[in-house]
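Every chain is numbered from 1, with letters handed out A, B, ... down the list of sequences.
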Protein chains: 2
Amino acid sequence: MKVQDEAILHLQIAESIIEKIRSGEYLESDKIPSENELCRQFHVNRHVVRQAIARMTNLGWVTPVQGKGCYINRIMKPVQYVLSSQTRFSENMSNQGVPHKSKLLHWETGLPSEEECIHLELDPSETIYRLEILRYVDNTPMSVTTTVFPKTEVPGLENYFEGFHSLYGLLESHYQFRPVRSKSIFHASLPYLKDAKVLNIPESVPIVQIESLMNHPGGSPVEYSVARVRSDMHRCLIEF
Amino acid sequence: MKVQDEAILHLQIAESIIEKIRSGEYLESDKIPSENELCRQFHVNRHVVRQAIARMTNLGWVTPVQGKGCYINRIMKPVQYVLSSQTRFSENMSNQGVPHKSKLLHWETGLPSEEECIHLELDPSETIYRLEILRYVDNTPMSVTTTVFPKTEVPGLENYFEGFHSLYGLLESHYQFRPVRSKSIFHASLPYLKDAKVLNIPESVPIVQIESLMNHPGGSPVEYSVARVRSDMHRCLIEF
DNA sequence: TAGTGGTCTAGACCACTAC
DNA sequence: TAGTGGTCTAGACCACTAT
């Protein structure tokens with residue numbers, strides 16, 4: 001490899017390997033050479049190779065697996081999520097013909113946080129349901145969502161968790177309402193370690209945090225949710 | 001420090017230092033101890049300390065400066081950008097009382113890319129202006145935007161670049177039109193090295209890419225732009 | 001058992017800053 | 001000149017996978 005001034009070795013190596021993936025020299029869903037092999041190829045220390053791999057991992061090109069090797073990611077077009085007042089996860093995915101499912105990771109009842117009180121216009125003493133939902137696209141975990149309902153809005157919610165597969169389906173069939181999005185706040189960041197673990201990504205892969213307030217069709221707030229979405233699997237379209 | 005099982009040293013150290021910043025033990029806009037000092041404090045190798053610092057840097061807590069030390073970032077509330085069909089950068093910032101400015105980094109005329117043709121409904125042979133604009137908030141570079149206009153829409157645009165400070169101000173005063181946003185696509189990722197350099201951030205700090213199509217109030221497309229925004233300085237609000 | 005990636009130690013040299 | 005962060009080398013030990 002030609003060493004250029006003012007260039008950093010590990011970034012050059014990452015660039016070089018990415019180019020080989022792009023060009024087809026390394027085949028998709030195959031593995032790149034092992035760290036030791038790359039050390040020999042580029043005549044550098046393993047530390048440098050590992051930095052290069054970290055960069056590629058964060059960019060979403062490869063996924064290292066302990067004991068096996070470093071797999072090249074299937075190049076997936078990120079899911080395009082159309083955001084409007086009517087948008088819900090399931091329908092968005094179905095519209096794009098993308099296989100998807102949801103899993104209820106955890107649920108609890110309790111008191112709302114200050115943040116939740118403000119958004120849902122709640123008294124701090126009102127009981128709420130708090131759910132943790134993991135959403136899969138193509139059998140890959142794409143997002144974790146924490147979602148909060150006042151207990152008075154969805155009394156006995158826990159009775160319907162058996163065989164959970166779609167939150168909005170559940171609301172519609174048991175409570176006869178369809179929440180409507182009133183606002184969303186986007187924010188990109190790095191994941192908390194806990195979320196990274198659930199989403200099965202390294203802690204340096206960016207995520208998008210989407211904070212949403214949902215209302216009754218009438219106008220009063222019913223649901224406040226915070227979704228953390230793998231950024232490499234997701235883009236969000238807003239039309240005006 | 002208490003060493004816990006199944007925890008990773010550098011993440012624990014990052015956690016521990018962040019806690020000291022939070023608690024006020026390390027003062028804002030001061031420096032954290034030097035790498036060597038931290039090595040002594042935590043009884044670990046410099047490599048581990050550097051990983052911890054990398055994590056904190058990516059999370060936006062500190063900024064290392066060669067030869068000087070590792071500065072604790074002023075905790076800034078991210079700028080809240082309200083996205084609507086009428087939104088423009090300057091007005092958004094002014095509404096929040098945030099000091100801001102824009103700088104024209106580069107401009108050129110040339111032929112549109114395939115992408116640009118599609119969005120602007122252009123013939124591949126039509127000439128376009130392509131501008132590269134750096135936007136500052138509080139004297140910190142917040143975003144780089146590449147923006148494209150068909151030449152026929154803004155003939156002689158280069159004559160007005162002298163003393164450039166606001167794109168939309170320029171359009172309004174010299175061409176008597178106000179572009180209106182028709183759609184935007186959000187996507188979080190890691191920056192290209194070139195953008196990271198311009199924005200003065202490490203290449204592992206996430207950015208938000210906002211791709212926008214702007215129309216004439218009448219309806220026909222006039223401007224296609226792609227902004228890369230520091231995620232730690234920015235959140236985006238959409239109301240329905 | 002051999003090979004892979006994950007973590008950590010030890011130490012070198014550089015560029016930049018402060019004095 | 002001394003101290004700081006930036007990059008790289010060399011090598012250890014671990015956990016996991018394949019055989």
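Look at CG on B:L9: it is 10 Å from P on C:dT7, rounded to the nearest Å. Rounded to an integer number of Å, the gap from B:I13 CD1 to C:dT9 C1' is 13 Å.
Each of A:Q51 and B:E37 lies near DNA chain D, and the nucleotide nearest B:E37 is the one positioned closer to the 5' end. If B:V44 and A:C70 are placed on DNA chain C by their nearest nucleotide, the residue sitting closer to the 5' end is A:C70.
For A:E162, there are no side chain to side chain contact (heavy atoms under 4.5 Å, CB included) partners, not counting sequence neighbours. Residues forming a side chain to side chain contact (heavy atoms under 4.5 Å, CB included) with B:I118 (at least two apart in sequence, or on another chain): none. Evaluation of the side chain to side chain contact (heavy atoms under 4.5 Å, CB included) rule for B:T87 yields B:Y81, B:S84, B:N92, B:R181 as partners, not counting sequence neighbours. B:F89 meets the ring-ring contact (aromatic ring centres under 6.0 Å, His included) test with B:H100; sequence neighbours excluded. Considering only residues two or more places apart in sequence or on other chains, A:D138 meets the side chain to side chain contact (heavy atoms under 4.5 Å, CB included) condition with A:R74, A:P99.
The environment of B:Y192 atom OH is sparse: at most 12 non-hydrogen atoms of other residues, nucleotides or ligands sit within 6.0 angstrom.
At least one side-chain nitrogen or oxygen of A:R50 sits closer than 4.0 Å to the OP1 or OP2 atom of C:dG6. For B:S34, no side-chain nitrogen or oxygen approaches OP1 or OP2 of D:dG3 to under 4.0 Å. One finds no side-chain N or O of B:H10 lying less than 4.0 angstrom from the OP1 or OP2 phosphate oxygen of C:dT7.
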How does DNA chain D read in dot-bracket, base by base from 5' to 3', with Watson-Crick or G-U pairs under 3.5 Å and | used when the partner is on another strand?
||||||||||||||||||.

Protein proximity profile, nucleotides 11-19 of chain C - base contact B, sugar-phosphate-only contact S, no contact -, cut-off 4.0 Å on heavy atoms:
-B--BBSS-

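Among residue pairs with one or both ends in residues 26-36 of chain B, those qualifying as salt bridge (Lys or Arg N to Asp or Glu O under 4.0 Å) are B:E35-B:R46, B:E35-B:R50; sequence neighbours excluded.
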Please list, one pair per line, the donor and acceptor atoms closer than 3.5 Å that link side chains of residues 198-205 of chain A to other protein atoms, with sequence neighbours excluded.
unit_1	atom_1	unit_2	atom_2	d
A:S204	OG	A:N58	OD1	2.9
A:S204	OG	A:N58	ND2	3.4

